[in-house]
Trainee: 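Sharing a structure here in structure tokens format.
Only a predicted model underlies this, so the values are computations on that prediction, with no experimental measurement involved.
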Amino acid sequence: MADAAVAPPSLRALLARSDLRLRLVVDEADLPAGSIDRPVRWVHSSDLVDPTPFLSEGLVLLTTGTQFDDAADYPAYVGRLLARGVRALGFGTEVVRDGIPSGLTTACLEGGMPLFEVPYRTPFIAVARAGAEAIAADAYARRSWSLAAQRAVSLAALRPDGLSATLAELSRQLGCWVGLFDAAGALRTEYPRDGLEAGAVEAVTGEVIAMLRRGTRAASPLRAEGVSVTLQTLGRGGHLRGALAIAADDLDHEARSVVTAVVAMAALALEQQDGLGRAIGTFRAGLIQSLCTDDPALARRAGRDLFGPLPAAPVVVALTPAASLRSTALTEWLEVRAQEGRGELFFGRGDDGIVLVVPAGARAPLDEIAERFELVVGCSAPTGYDGFSNALTQARTARDRLSTPGVADFADTARAGLLAALGSEAARTVALGALTPLRTHDAAQGSALLDTLGAWLAHDCSHEATAQALGIHRHTVRARIAQAERVLGRDLSGFAARAEVWAALRLAE
């Protein structure tokens with residue numbers, strides 16, 4: 001990412017300075033891999049037995065060894081430096097000691113600490129200045145790279161395929177995998193293609209879906225299959241348009257600046273697509289209204305070029321709740337699925353939900369919608385387009401009968417009977433009100449008029465059968481029914497009155 005001509009600040013860069021004449025004492029092959037290539041934040045000197053309270057992580061420490069006596073505990077000294085995050089130890093020879101104590105060399109070798117010699121003629125200040133120069137040069141190179149990278153992604157954004165070109169350029173500049181997820185949490189674009197293992201993509205997708213469901217702008221780090229991934233949502237709170245995923249370890253300030261620029265560009269590009277999306281949504285809604293006339297001719301002609309053919313009859317018409325009209329994630333997911341399988345799914349906005357049309361033998365998208373978006377999806381019986389309006393009514397009826405997310409079939413609603421379709425909260429309230437006089441009388445008098453009336457209706461109004469079922473005399477049944485008629489103020493000798501009371505009993509259960 002940075003200019004290759006500028007060596008990053010590290011012990012290797014210091015050792016490469018011929019003017020310093022530094023010499024690595026511990027063989028590099030005996031050190032942990034990459035030990036002398038780790039970035040160095042500063043060069044400091046100290047002859048304290050324990051300088052760690054005054055040090056920060058990532059330093060190269062220089063010492064002349066005045067703190068060591070014949071009983072020096074070298075392993076403890078090196079251990080303290082390693083625990084503080086010191087990158088390497090430089091020993092100034094011929095200042096107060098001849099050579100480097102063998103005990104210190106052994107302790108550094110065993111601890112994996114790079115140890116190098118600073119000859120007498122090389123002042124510590126020269127080593128510190130060289131480190132500072134390398135750090136400054138690296139910072140300048142990184143800033144220059146950041147400006148160049150931001151300019152490159154800005155130029156990429158001007159291309160006809162601006163968003164894709166921008167992501168491809170970001171991937172090239174960072175040298176890592178970059179993925180764009182849509183509002184439904186599906187991976188829409190990635191560079192390089194298949195650059196992330198399937199297991200890692202699955203883990204990232206799960207986290208993206210969770211972030212989008214929360215609906216607030218957020219950034220999140222993730223470790224997936226051993227890969228560090230940074231996630232950033234796109235769009236404004238309550239109207240998220242997707243998320244950007246970057247598989248890279250420890251992005252520095254300059255790299256994050258480039259990412260921030262791309263996030264802003266991607267969010268702007270997605271927002272600019274809103275106008276077109278609204279126009280397409282309005283067009284789809286118009287086609288749904290046309291299908292509701294039970295004549296598909298206009299919808300077939302008008303939508304063929306843009307959306308492909310309508311699903312082949314017989315079809316299932318489905319309907320989501322009205323709240324789903326505001327779901328950007330659902331509509332974007334449907335748009336992608338409809339384009340991927342032209343002729344297998346059609347959808348559009350209806351009066352009280354999103355209307356979905358799929359072939360009768362290919363209902364899998366409906367199950368996926370219910371599960372992915374935690375919605376109730378009402379489904380009609382298989383039908384032709386000449387029965388579209390009735391099928392939409394069936395889907396609405398089935399949808400309104402189910403309270404938990406899932407697919408509700410009209411066939412199940414029909415099998416449940418007419419009263420099941422009337423089982424709204426309003427109908428139950430009316431039923432309870434109609435039976436209140438009986439409940440009040442039973443509570444006050446200790447009678448069982450309500451139970452007796454229910455048993456009597458269930459046994460085809462037979463006093464004999466009711467008496468046997470309740471274990472009482474048939475005359476008692478007759479007396480209780482007569483009393484129930486007086487309490488209700490109804491004559492139960494006719495079918496209509498009996499049917500109404502029976503319906504009230506069922507709805508009030």
Side-chain angles (χ1 to χ4, degrees), residues 6-140 142 249-250 252-253:
V6 177
S10 64
L11 177 58
R12 188 181 298 278
L14 290 175
L15 295 173
R17 289 280 298 262
S18 59
D19 57 317
L20 298 178
R21 298 182 295 278
L22 306 179
R23 180 180 65 87
L24 189 64
V25 176
V26 177
D27 194 337
E28 182 179 353
D30 296 327
L31 296 172
S35 295
I36 67 173
D37 292 310
R38 292 181 296 176
V40 172
R41 296 176 55 190
W42 201 247
V43 178
H44 186 66
S45 61
S46 174
D47 284 348
L48 294 175
V49 174
D50 183 11
T52 55
F54 312 102
L55 303 180
S56 61
E57 186 179 357
L59 299 182
V60 168
L61 180 65
L62 306 178
T63 183
T64 61
T66 57
Q67 70 273 40
F68 301 132
D69 54 26
D70 293 338
D73 189 346
Y74 295 112
Y77 175 78
V78 173
R80 288 191 291 270
L81 300 185
L82 288 170
R84 192 65 183 90
V86 172
R87 294 283 191 253
L89 178 64
F91 195 94
T93 56
E94 313 308 326
V95 178
V96 296
R97 288 178 174 273
D98 295 333
I100 301 175
S102 59
L104 180 61
T105 302
T106 301
C108 287
L109 182 61
E110 292 177 350
M113 167 74 78
L115 175 65
F116 62 95
E117 178 187 4
V118 182
Y120 178 78
R121 293 187 177 182
T122 300
F124 281 2
I125 189 63
V127 181
R129 185 186 301 115
E133 290 172 352
I135 293 168
D138 181 68
Y140 178 78
R142 294 293 296 151
D249 290 312
D250 300 326
D252 61 12
H253 175 74

Trainee: Where do L89 and C108 come nearest, in terms of heavy atoms and distance?
Mentor: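 Here L89 and C108 meet closest at CD2-SG, 4.2 Å.
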Trainee: Using 0.5 Å steps for rounding, measure from the CG atom of D50 to the CG atom of L81.
Mentor: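 The distance works out to 8.0 Å.
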Trainee: When you measure from the side chain of T63 to the backbone N and O of S46, does any donor-acceptor pair fall under 3.5 Å?
Mentor: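 The answer is yes, because a donor-acceptor pair under 3.5 Å joins these two groups.
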Trainee: Using 0.5 Å steps for rounding, measure from the CZ atom of R80 to the OG1 atom of T52.
Mentor: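 Between atom CZ of R80 and atom OG1 of T52 there are 7.0 Å.
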Trainee: Give, for atom CZ of R17 and atom OG1 of T122, the distance between the pair rounded to the nearest 0.5 Å.
Mentor: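 Going from the CZ atom of R17 to the OG1 atom of T122 covers 10.5 Å.
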Trainee: Kindly assign one of parallel, tilted or perpendicular to the pair Y77 and F68, based on the angle between their ring planes and the thresholds 30° and 60°.
Mentor: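 Y77 and F68: perpendicular rings.
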Trainee: When you measure from the side chain of R87 to the backbone N and O of R38, does any donor-acceptor pair fall under 3.5 Å?
Mentor: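 No; zero donor-acceptor contacts below 3.5 Å.
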Trainee: Quick one: closest heavy-atom pair of L15 and F116, and the distance?
Mentor: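 Here L15 and F116 meet closest at CD2-CB, 4.2 Å.
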Trainee: To the nearest 0.5 Å, what is the distance between CD1 (I100) and CG (L115)?
Mentor: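 It comes to 4.5 Å.
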Trainee: Of all the heavy-atom pairs spanning G131 and L14, show the shortest one and how long it is.
Mentor: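 Answer, listing the atom of G131 first, then L14: N-CD2, 3.8 Å.
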Trainee: Minimum heavy-atom separation for R84 and L55, please, with both atom names.
Mentor: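 So the minimum-distance heavy-atom pair works out to NH2-O, 2.7 Å.
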Trainee: Using a 3.5 Å distance criterion without hydrogens, assess whether the side chain of T64 forms a donor-acceptor pair with backbone atoms of G92.
Mentor: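 Flag not set: sc T64 to bb G92 has no pair under 3.5 Å.
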Trainee: Would you confirm whether R97, through its side chain, and G65, through its main-chain N or O, come within 3.5 Å as a donor-acceptor pair?
Mentor: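 Yes: the side chain of R97 pairs with the backbone of G65.
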Trainee: Within the structure provided, determine whether R121 and P119 are in side-chain contact (heavy-atom separation under 4.5 Å).
Mentor: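 Result no, sub-4.5 Å side-chain heavy-atom pair not found.
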Trainee: Of the non-hydrogen atoms in L48 and Q67, which two are nearest, and what is the gap between them?
Mentor: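 Heavy atoms of L48 and Q67 come nearest at O-NE2, 3.6 Å.
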Trainee: For the residue pair G99 and F91, what are the closest heavy atoms and their distance?
Mentor: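 Scanning both residues completely, I find the closest heavy atoms to be O-CE2, 3.5 Å.
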Trainee: Please assess T106 against Y74 for the test side-chain contact (heavy atoms from CB on, under 4.5 Å), listing each intermediate value before the final yes or no.
Mentor: CA-CA 9 Å; T106 301; Y74 295 112; over 6 Å; no
Trainee: Got a second to check how far R41's CZ is from L59's CG, nearest 0.5 Å?
Mentor: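 Taking CZ in R41 and CG in L59, the distance rounds to 7.0 Å.
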Trainee: Roughly how far, to the nearest 0.5 Å, is CG of L11 from CG of L24?
Mentor: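 Nearest 0.5 Å value for the CG-CG distance: 6.5 Å.
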